[in-house]
**Q** 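Below is the structure I would like to discuss, written out as structure tokens.
Throughout, a chain's letter reflects where its sequence line sits, starting with A, and its residues are numbered from 1.
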2 protein chains.
Amino acid sequence: MAAANIKQVAKHAGVSLGTVSNVLNRPDLVSPATRQKVLDAITELGYVRNDSARQLRAGRSRTVAILVLDVSNPFFTDVVRGAEAVVEKAGGMLIVCNSGEDPRREQRNLDMLEEQRVQGLLVTPVSDGRHPRLDAFVKRGIPVVLVDRGSGHPSRCSVAVDDVAGGRLAAEHLAERGHERIGFVGGPVTIRQVADRHHGAAAALADRDTPHDLQLFTTPSLSVDAGRQAADELAALAAGERPTAVFCANDLLALGVLQGLTAHGLRVPEDVAIVGYDDIEFAAAAAVPLSSVRQPRAQLGRTAAELLLEESMNDGNHQHRHVMFQPELVIRVSSDRYR
Amino acid sequence: MAAANIKQVAKHAGVSLGTVSNVLNRPDLVSPATRQKVLDAITELGYVRNDSARQLRAGRSRTVAILVLDVSNPFFTDVVRGAEAVVEKAGGMLIVCNSGEDPRREQRNLDMLEEQRVQGLLVTPVSDGRHPRLDAFVKRGIPVVLVDRGSGHPSRCSVAVDDVAGGRLAAEHLAERGHERIGFVGGPVTIRQVADRHHGAAAALADRDTPHDLQLFTTPSLSVDAGRQAADELAALAAGERPTAVFCANDLLALGVLQGLTAHGLRVPEDVAIVGYDDIEFAAAAAVPLSSVRQPRAQLGRTAAELLLEESMNDGNHQHRHVMFQPELVIRVSSDRYR
DNA sequence: GGGTTGTAGTGAAACGTTTCACAGGTGGCA
DNA sequence: TGCCACCTGTGAAACGTTTCACTACAACCC
């Protein structure tokens with residue numbers, strides 16, 4: 001019941017309080033005999049360090065937090081696992097928080113993480129643009145690494161995948177397969193990744209010799225459900241106006257579109273080809289195996305954590321870096337009509 | 001840079017340290033004029049509470065932790081979201097930790113969470129059975145709620161879904177559809193859920209009038225990959241010996257089996273029917289929409305969090321409860337050959 | 001033997017809160 | 001006027017660590 005503290009351990013072992021602390025933190029300063037006495041006392045009393053006190057005194061925590069947009073999006077779970085590996089190897093602990101793409105929940109989480117004085121923060125903010133809230137972290141000495149957002153900010157590191165390049169890959173592939181009316185499904189367009197992927201696709205098509213059309217189908221979110229709704233829209237168009245291929249801003253949307261089109265009796269890829277984005281594990285297991293733009297997700301998490309820890313160690317003279325990874329197109333049946 | 005503390009705020013506002021604390025914690029004790037002065041000082045200095053100190057003094061945290069087996073398993077992400085909603089409504093914060101089904105990582109996470117003196121712990125332990133490690137939490141006054149594990153333990157609450165009933169549902173369904181040679185794909189069998197689902201299925205078949213066979217295909221894990229390997233085993237059997245239906249311990253396995261069988265040229269459900277477990281979002285989007293046993297996942301998380309908070313409040317006179325939810329069978333194409 | 005060096009262990013101070021007994025001041029009431 | 005009650009605000013104590021200046025003692029060297 002009563003949580004034993006260092007003082008009780010000291011008394012029980014017949015040594016001073018400072019000695020117990022030394023056993024815990026610098027065991028080499030203590031003679032083996034004394035050390036053993038202390039360790040025995042610790043076991044006997046079931047003593048466990050109080051991290052609050054330790055942290056209060058030390059002024060720093062060994063906990064790194066990652067605040068993601070959606071815990072149930074496989075993209076983020078892989079990023080988390082990459083980051084986890086690095087943080088744990090460094091002897092720290094990674095805690096995962098979820099904003100659910102809700103600015104208020106993001107705010108709340110940031111508030112509590114700042115109060116906790118976490119060692120550092122990996123975050124994908126809900127909105128792109130300026131983040132005074134994150135500047136507060138930096139000012140307080142808590143390094144922040146942006147994940148898949150806001151590359152190039154002068155006062156923090158960032159890791160991202162080149163979404164413009166990803167958009168290009170997808171559109172070029174579809175154009176090469178002979179598609180001339182192409183749709184882009186994604187939204188909200190305020191999300192930078194969505195906008196970038198769209199711009200990349202548009203740019204790729206504009207670079208082509210022959211004219212290509214890129215019709216925008218805006219969705220309220222990046223979910224399977226939103227994809228189904230977009231499919232309804234697509235199905236409602238006359239065959240001559242309907243895009244013969246769509247590029248979706250992520251795989252959840254793509255799976256939704258696939259399901260929706262199938263429900264409407266449209267065939268993939270014969271009537272409409274689909275390319276998704278993220279290459280989640282289930283992309284290959286979809287009703288029609290899904291072509292997708294693959295991002296090095298775990299790598300993203302690993303690098304983000306490494307940058308964070310590096311900044312956290314090199315107090316003072318740290319150069320912020322912006323790492324950009326290149327995506328890769330994985331072609332499967334959903335876009336392979338002409339192969 | 002220098003994180004402002006309460007003392008500096010007090011000085012800046014021209015009041016005493018205790019008054020600032022009162023403004024923060026019991027604003028009604030402070031006159032409006034003074035309160036405003038203090039609030040202004042707080043804003044001006046960018047003061048943010050130090051949770052370590054607060055927690056040290058208070059002896060308790062407002063952070064609830066959930067330690068899951070696999071952050072990237074959709075089952076757990078839904079449980080997390082359910083728990084999140086409840087904890088946040090209560091003004092707390094939920095942090096997610098991942099054991100990755102590795103006992104050593106579980107151990108490490110538990111160590112750090114105990115040091116942090118979290119308010120409570122929702123956990124799905126890697127191994128079933130006795131958990132002296134968790135008893136330590138309870139002894140220290142940190143309530144523990146088991147999620148989908150170890151129902152009936154006298155010193156902690158638990159929430160679970162009736163896996164035996166789930167197994168029965170699946171097997172009865174397949175038997176009714178006329179299958180007599182049925183396979184069970186799952187493992188390791190040391191995982192209680194796997195064993196329960198198997199037992200439920202076996203029991204349902206034993207209750208039948210006509211003899212039914214339940215052949216066990218053990219897998220090393222509950223992943224898509226393991227499912228693919230199980231499919232190889234199935235495909236290698238002669239058609240007359242091969243089960244005409246398999247019940248998989250979870251949907252990841254089922255998707256893997258589906259993929260693997262298809263790759264071997266076997267048709268689902270014509271050659272082999274499949275029933276999965278969990279009804280993850282992608283079950284319906286699989287190459288062949290997957291029949292599955294659905295668990296009330298978010299409900300599980302919500303209830304777990306509610307039990308935890310209740311125990312945390314009602315210090316002393318709390319009755320541990322064990323809530324068992326009933327699963328539900330969702331029939332889709334993968335098992336619907338005779339419909 | 002005096003001085004130096006090194007090793008083991010000590011205990012007070014400090015980290016930033018919250019709480020609590022208490023002090024000053026104001027107004028009401030007899 | 002004297003007493004009491006009430007409202008605001010005060011500042012010291014306590015939470016459990018880590019750190020650091022310090023003591024005690026032994027060993028070594030000249």
**Q** Separation of B/I6 atom CD1 from C/dT18 atom P, in whole Å?
**A** 5 Å
**Q** Both A/L17 and B/P32 contact DNA chain D. Taking the nearest nucleotide for each, which residue is further toward the 5' end?
**A** B/P32
**Q** For the pair made of CD in B/Q55 and C1' in C/dT17, what is the distance, rounded to whole Å?
**A** 11 Å
**Q** Look at all strands and tell whether B/T19 reaches a base, only sugar-phosphate, or nothing, counting heavy atoms closer than 4.0 Å.
**A** base
**Q** Which part of the nucleic acid does A/S31 contact within heavy-atom distance under 4.0 Å: base, sugar-phosphate only, or nothing?
**A** sugar-phosphate
**Q** Using whole Å, what does the distance between atom P of nucleotide D/dT17 and atom CG of A/D51 come to?
**A** 10 Å
**Q** Whole angstrom is fine here: how far is it from CG in B/N5 over to P in C/dT18?
**A** 12 Å
**Q** Checking A/R321 now: which residues fulfil side-chain contact (heavy atoms from CB on, under 4.5 Å) with it, not counting sequence neighbours?
**A** A/L307, A/E310
**Q** Both A/A58 and B/R26 contact DNA chain C. Taking the nearest nucleotide for each, which residue is further toward the 5' end?
**A** A/A58
**Q** Got a second to check how far B/I191's CD1 is from B/T124's OG1, nearest 0.5 Å?
**A** 11.0 Å
**Q** Is B/R57 side chain donor-acceptor paired with the C/dT18 base, going by distance under 3.5 Å alone?
**A** yes
**Q** Calculate the interatomic distance between B/R60 atom CZ and D/dG16 atom P; express it in whole Å.
**A** 15 Å
**Q** Please round to 10 degrees the angle between the axis of the first five pairs and the axis of the last five pairs in the helix from C/dG1-D/dC30 to C/dA30-D/dT1.
**A** 50°
**Q** Quick check: B/H318 with B/H320 (ring centres under 6.0 Å apart)?
**A** yes
**Q** Scan B/S52 against the nucleic acid and name what it touches under 4.0 Å (heavy atoms): base, sugar-phosphate only, or nothing.
**A** nothing
**Q** Nearest 0.5 Å please: distance from the CD1 atom of A/I6 over to the NZ atom of A/K11.
**A** 15.5 Å
**Q** Counting only side-chain nitrogens and oxygens, does A/N50 get under 4.0 Å of the OP1 or OP2 atom of D/dG16?
**A** no
**Q** In Å and rounded to the nearest 0.5 Å, what is the CD to OG1 distance from A/Q116 to B/T63?
**A** 4.5 Å
**Q** Could you tell me whether the side chain of B/N98 and the main chain of B/V71 form a donor-acceptor pair under 3.5 Å?
**A** yes
**Q** Let me know, please, whether B/G14 or A/N22 comes out on the 5' side of the other along DNA chain D by nearest nucleotide.
**A** B/G14
**Q** Mind calculating the distance between NZ (B/K11) and C1' (D/dG9) to the nearest angstrom?
**A** 20 Å
**Q** Choosing from D/dT18, D/dG16, C/dT18, which nucleotide comes nearest the side chain of B/S21?
**A** C/dT18
**Q** With respect to the phosphate group of C/dT18, does any side-chain polar atom (N or O) of B/R49 fall under 4.0 Å of OP1 or OP2?
**A** yes
**Q** For B/R105, which residues count as a salt bridge (Lys or Arg N to Asp or Glu O under 4.0 Å) partner, sequence neighbours excluded?
**A** A/E84, A/E88
**Q** Check every strand shown and say whether B/N25 touches a base, only sugar-phosphate, or nothing at a heavy-atom separation below 4.0 Å.
**A** sugar-phosphate
**Q** Write down the distance between NZ (A/K7) and C1' (C/dG11), rounded to a whole number of angstrom.
**A** 11 Å
**Q** Mind calculating the distance between CG (A/L45) and P (D/dG16) to the nearest angstrom?
**A** 14 Å
**Q** B/N109 and B/C97: which non-hydrogen atoms are nearest, and at how many Å?
**A** OD1-CB, 3.8 Å
**Q** Between D/dC15 and B/R54, is there an OP1 or OP2 to side-chain N/O distance shorter than 4.0 Å?
**A** no
